[in-house]
K.L.:
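Structure provided below as structure tokens; questions to follow.
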Amino acid sequence: MLTWLMPAALATAIAVPWQSADRTAMTAEVIRTGSVILEGVTFEPDRAVLARDSDRVLEELRGMLLEHTEWTFEVQVHTDESGDPEQGRALSAARADTVVGWLTSRGIARARLVGKGYGSSRPLPVAPAADPGLQRRRVELRKLNEE
């Protein structure tokens with residue numbers, strides 16, 4: 001399965017090409033916009049358990065974090081609008097904690113990461129032919145420091 005990265009700057013756009021999710025592309029996007037949306041980090045349905053295919057993208061992210069030890073991030077998890085909004089927020093918070101836990105268990109300092117679940121409160125605009133749920137469910141990293 002191919003893994004992709006969507007630039008966070010696309011939050012205000014509807015459709016543009018996606019880039020390969022390697023650490024070089026992630027780093028460039030963080031430098032350019034201060035954030036990056038990871039396509040390919042997914043979870044088991046209705047659970048805060050990472051899907052097996054998420055490891056490749058998370059390993060690339062880990063590599064970027066090891067190369068740029070001065071950077072700190074908010075790890076944001078977003079859900080779509082289906083279901084109860086409070087349950088979606090709680091699930092997204094648990095999923096953010098899962099991503100933070102994955103990274104810290106592999107050597108990234110906990111002090112560099114803040115997990116935050118937003119539920120469906122920050123939807124992205126979607127392309128007309130796209131599945132809105134798939135485009136709005138996402139893991140996004142937002143850089144917290146200016147260094």
Side-chain angles (χ1 to χ4, degrees), residues 1-23 25-65 68 71-145:
M1 175 178 171
L2 291 176
T3 305
W4 303 96
L5 163 84
M6 183 175 76
L10 296 184
T12 58
I14 292 189
V16 299
W18 295 43
Q19 299 175 355
S20 157
D22 61 31
R23 99 180 43 144
M26 286 181 201
T27 301
E29 188 60 21
V30 169
I31 290 169
R32 192 173 74 76
T33 68
S35 62
V36 64
I37 296 174
L38 302 176
E39 179 66 26
V41 177
T42 58
F43 301 88
E44 292 182 9
D46 300 317
R47 299 182 64 201
V49 176
L50 286 163
R52 289 180 190 241
D53 57 351
S54 298
D55 282 355
R56 182 180 171 284
V57 177
L58 291 172
E59 282 293 345
E60 291 294 321
L61 172 60
R62 179 181 169 269
M64 180 189 76
L65 292 170
H68 297 278
W71 289 353
T72 59
F73 287 93
E74 180 178 66
V75 178
Q76 303 178 353
V77 177
H78 303 268
T79 61
D80 60 24
E81 292 87 2
S82 64
D84 178 67
E86 185 53 35
Q87 287 178 337
R89 192 213 52 77
L91 178 60
S92 65
R95 287 175 169 179
D97 289 343
T98 296
V99 173
V100 169
W102 190 99
L103 291 165
T104 58
S105 72
R106 288 160 178 83
I108 304 302
R110 177 68 179 91
R112 296 179 58 203
L113 304 168
V114 176
K116 176 77 174 166
Y118 285 96
S120 61
S121 67
R122 295 184 177 183
L124 290 178
V126 296
D131 176 349
L134 290 177
Q135 287 193 354
R136 292 185 174 154
R137 291 188 298 265
R138 66 194 187 278
V139 175
E140 182 172 351
L141 300 177
R142 191 145 313 261
K143 193 165 169 259
L144 296 175
N145 60 337

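These numbers come from a predicted model, not from an experiment.
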K.L.:
Taking all heavy atoms of G88 and all of T79, pick out the closest pair and write down the distance.
P.N.:
O-CG2, 3.7 Å
K.L.:
Look up atom OG1 in T72 and atom CD1 in I108, then write down how far apart they are to the nearest 0.5 Å.
P.N.:
12.5 Å
K.L.:
Would you indicate whether D46, at its atom CG, is surrounded by more than 12 heavy atoms from other residues, nucleotides or ligands within a distance under 6.0 Å?
P.N.:
no
K.L.:
Check M26, R62, E39 against V57 for a side-chain contact (heavy atoms from CB on, under 4.5 Å) and give me the one that passes.
P.N.:
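The residue from M26, R62, E39 that satisfies side-chain contact (heavy atoms from CB on, under 4.5 Å) with V57 turns out to be M26.
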K.L.:
So, taking the atom named CZ in R138 and the one named CD in E140, what distance separates them when rounded to the nearest 0.5 Å?
P.N.:
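It comes to 5.5 Å.
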K.L.:
Working to the nearest 0.5 Å, report the span between CG of D55 and CZ of R106.
P.N.:
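Going from CG on D55 over to CZ on R106, the span is 6.0 Å.
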K.L.:
Nearest 0.5 Å please: distance from the CZ atom of R89 over to the CG atom of D84.
P.N.:
10.5 Å
K.L.:
Testing the basics here: between E29 and S35, what is the closest heavy-atom pair and its distance to 0.1 Å?
P.N.:
CG-O, 3.4 Å
K.L.:
To the nearest 0.5 Å, what is the distance between CZ on R95 and CZ on R47?
P.N.:
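Nearest 0.5 Å value for the CZ-CZ distance: 10.0 Å.
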K.L.:
Could you check whether any side-chain N or O of S92 sits under 3.5 Å from a backbone N or O of H78, counting only pairs where one atom can act as donor and the other as acceptor?
P.N.:
no
K.L.:
With a 4.5 Å cut-off on side-chain heavy atoms, are F73 and V30 touching?
P.N.:
yes
K.L.:
Ring-plane angle category for W71 and H68, please: parallel below 30°, perpendicular beyond 60°, tilted otherwise.
P.N.:
parallel
K.L.:
Could you check V41, V49, V75, L50 and say which one makes a side-chain contact (heavy atoms from CB on, under 4.5 Å) with T98?
P.N.:
L50
K.L.:
If you measure from OG1 on T27 to CG on L65, what distance do you get to the nearest 0.5 Å?
P.N.:
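Going from OG1 on T27 over to CG on L65, the span is 8.5 Å.
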